[in-house]
Protein chains: 2
Amino acid sequence: MEHLQPVRSLVDRVYDSLLDAICTGEMKPGDRLAQDEIAARLGVSRQPVNSAIAMLKAQRFVTERPRRGVEVAPVDRDLFQSIYQVRGALEPLAVQLATPRLTPGTIARGRDAVAAGMEAMQAGDAAAVLRADIAFHTFLYDLSGNRILADTMRLNWQHLRRSMGEVLRFPGMTAQVWKEHGRIFEAMVRGEAGEAAQAMRAHILDAAQRVQLRPADGGQADTDG
Amino acid sequence: MEHLQPVRSLVDRVYDSLLDAICTGEMKPGDRLAQDEIAARLGVSRQPVNSAIAMLKAQRFVTERPRRGVEVAPVDRDLFQSIYQVRGALEPLAVQLATPRLTPGTIARGRDAVAAGMEAMQAGDAAAVLRADIAFHTFLYDLSGNRILADTMRLNWQHLRRSMGEVLRFPGMTAQVWKEHGRIFEAMVRGEAGEAAQAMRAHILDAAQRVQLRPADGGQADTDG
DNA sequence: ATGCCGTATTTCGTATACGAAATGCGAAAC
DNA sequence: GTTTCGCATTTCGTATACGAAATACGGCAT
C-alpha cells in the first residue's frame, strides 16, 4: 500500500493551467488576465486565481500594466538572447558536474533520451521534439546534482517554450541537433567532462546563432537543442 | 508634479517582510510559518499571508513538511555549494557582458560601489559589508543588460543572505576581497572583458574554497565577495 | 499503565462579501 | 460636434466565513 498522494492545491493547479496556456501560445503576449473570466472558465473562485497570478507575476510570465491590469508578458529578442547567454554559461556547467555522476542506469536513460528526440524529429512531431529537448536537458540538470542550476533552467525553459510558441515554428528540425546531443552525451560517458562541456557550449552558441526570430509575416527557422 | 507611486499590495509587503525575516535569520530553518500568527503580527488578514507563503514556497525559501505544515527551508552545504557553482558560471558572464556597456556614469558608480565596500569593511560593519557586496554584484548584473541573469542572481543572493545568516558570521572581513573587486572592475574599465571575467571567475572559485560552514559550536571564517 | 475513541480545537484552502479604484456610458453644457 | 460630469458597472485587493483535515486532550476500557 502506497502513501496517499496529497491533493494539489487549486492555486498550484490554476498556476499550471495558466502557465501552460501562456507557454503553448493559447494566451498571447499582451492578452489580459481577467480573474473573473479565468475563475469561471476553470470553475473555481477568484482567490486561487489571484494567488496563481501573483506567482506568475513574480516569475515574469505576466506583467502589470498601469491602467490595464495584468497581461501576458511580451516575448522579444532580448528575452531570447538573455536566456541563451545564460544557457551558454549554465549548460556546460551542468555537463561538467553531471559527468562524474553517471551510473550505468543514468547512462541508459541518457541514451534513451537522445534516441527519443531523434525519433520525434524523424516523425516530424514538433511538440514531441520540444518535449524531448526539454527532457534531455532536464535530465542533465538533475544529474548535475546542483538544484539551483536545475531550478533556474527549469524556469528558463518555460520562458523558452513560450518564446518558441510565439516566435518560432518547428518546420525544420534537424538530425544534426540530436547527433550533437548524442556526441556530447557519449563524451560524458567516456568521462571527458571538459570536452563534453566545451561541446555543449559550442552547441548552445551555435543554436543561438541559428535561431531566427519569426518576422511579422511568419518566417521559418531551424530550432535548437 | 510627479507620478503618484502605486501602493504596493499587502501580498508583496508580507512577502518582503517574511523574506527579510528569513534572510536575516530572525526566522530560522525549521521554524513553522503559522498563518494566523503572522497575520496577527503584521496586522493583516490571512489571505495575503497565504499568498505570500505560496510565493516563498515556489522560490524554495520555505518548504512544506507532511503533518507539520510550512517551515523555513533548511540551509545546508549543498545549497551553498550549488549557489557558488552557479555564481562561478554566471558572474564571469555578467562581467563579460557588462564591460562593453560601461559609460562614464557607470564607471563612477562602480568605483563608488567598491569604495563603499572597502569603507564598510574597514568600519567592521558586517551587515553593511554584505549590503555593499550585494550592491556591487547587482550593479554588474544590471549593467550586463541580461535580465534573466540579473533576476537569477538576485534570487540567489537572497538564498546566500540566509545561508550567511545561519551558517556564517562576519568576523574576518578582508581587504583582499575588495581589492579584488577593484581590480576586476578596473580591468573592465580598461576594456579587458576576458581578463576581467577570468579574474571574477577565479575570485568566486577562491571565495567558495575559503568559505567555511559554521560548525555546530560556532566556528569563524572569512567571507567572500 | 496503556491504548483507543470521541470530542474539541486549531489550521488552512478556498468561497464569498465588501469596498476602493478604474472604466464605460449617457446626458447636459458649450 | 465636442467636452465634461455624474452615475453605473466592472475589476480586483483583501477581509471574513465556511468547511475539511489535522491535532490535541480527556475519559473510558482493558
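Values in this document were obtained by computation on a predicted structure and should not be read as measured data. By convention in this document, chain letters (A, B, ...) are assigned in the order of the sequence lines, proteins followed by strands, and residues within each chain are numbered from 1.
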Atom pairs under 3.5 Å: protein N/O with N/O of nucleotides 21-23 of chain C:
{"from": "C/dT23", "atom 1": "OP1", "to": "A/R67", "atom 2": "O", "distance (Å)": "2.2"}

Exercise. Which residues satisfy the salt bridge (charged side-chain N to carboxylate O under 4.0 Å, His left out) test with A/D112, sequence neighbours excluded?
Worked result: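 So A/D112 forms no salt bridge (charged side-chain N to carboxylate O under 4.0 Å, His left out) with any residue.
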Exercise. Which of these, A/T24, A/N156, A/D20, sits in a side-chain hydrogen bond (donor to acceptor under 3.5 Å, both in side chains) with A/R161?
Worked result: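 Exactly one option meets the side-chain hydrogen bond (donor to acceptor under 3.5 Å, both in side chains) with A/R161, and it is A/D20.
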Would you kindly give the [atom1]-to-[atom2] distance between [X] and [N], to the nearest whole Å?
X: A/D36; N: D/dT9; atom1: CG; atom2: C1'; answer: 12 Å
X: A/L42; N: C/dT14; atom1: CG; atom2: P; answer: 13 Å
X: A/Q35; N: D/dT10; atom1: CD; atom2: C1'; answer: 12 Å
X: A/E64; N: D/dT11; atom1: CD; atom2: P; answer: 16 Å

For this session: Starting from the C-alpha separation in whole Å, work towards a yes-or-no answer on ring pair (Phe, Tyr, Trp, His ring centres under 6.0 Å) for A/H159 and A/F61.
Result: CA-CA 7 Å; A/H159 283 286; A/F61 290 109; 4.1 Å; yes
Problem set entry | Working for side chain to side chain contact (heavy atoms under 4.5 Å, CB included), residues B/L79 and A/I148 | CA-CA 8 Å; B/L79 174 68; A/I148 300 289; 3.8 Å; yes
Exercise. Are there more than 12 heavy atoms of other residues, nucleotides or ligands under 6.0 Å from atom CZ of A/R147?
Worked result: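 Buried by this count: over 12 neighbours within 6.0 Å.
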Exercise. Hey, is the main chain of A/D78 close enough, under 3.5 Å, to the side chain of A/S82 for a donor-acceptor pair?
Worked result: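 It does hold such a pair.
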Exercise. Think A/R32 has a side-chain N or O under 4.0 angstrom from the OP1 or OP2 of D/dC12?
Worked result: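 Checking A/R32 against D/dC12: at least one side-chain N or O falls below 4.0 Å of OP1 or OP2.
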Exercise. Within 45° of the six-membered ring axis of B/Y84 and under 6.0 Å from that ring's centre, is NZ or CZ of B/R87 located there?
Worked result: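 Yes, cation above the ring, under 6.0 Å and within 45°.
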For this session: Among the candidates D/dT14, C/dC12, C/dT14, find the nucleotide nearest to the side-chain atoms of B/L10.
Result: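 For B/L10, the side-chain atoms sit closest to D/dT14.
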Problem set entry | Under-4.0 Å salt bridge between A/R101 and A/D142 |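 No, no charged N to carboxylate O under 4.0 Å.
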Problem set entry | Interface with DNA chain C, restricted to residues 45-58 of chain B and to heavy atoms under 4.0 Å |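 Output list: B/R46, B/N50.
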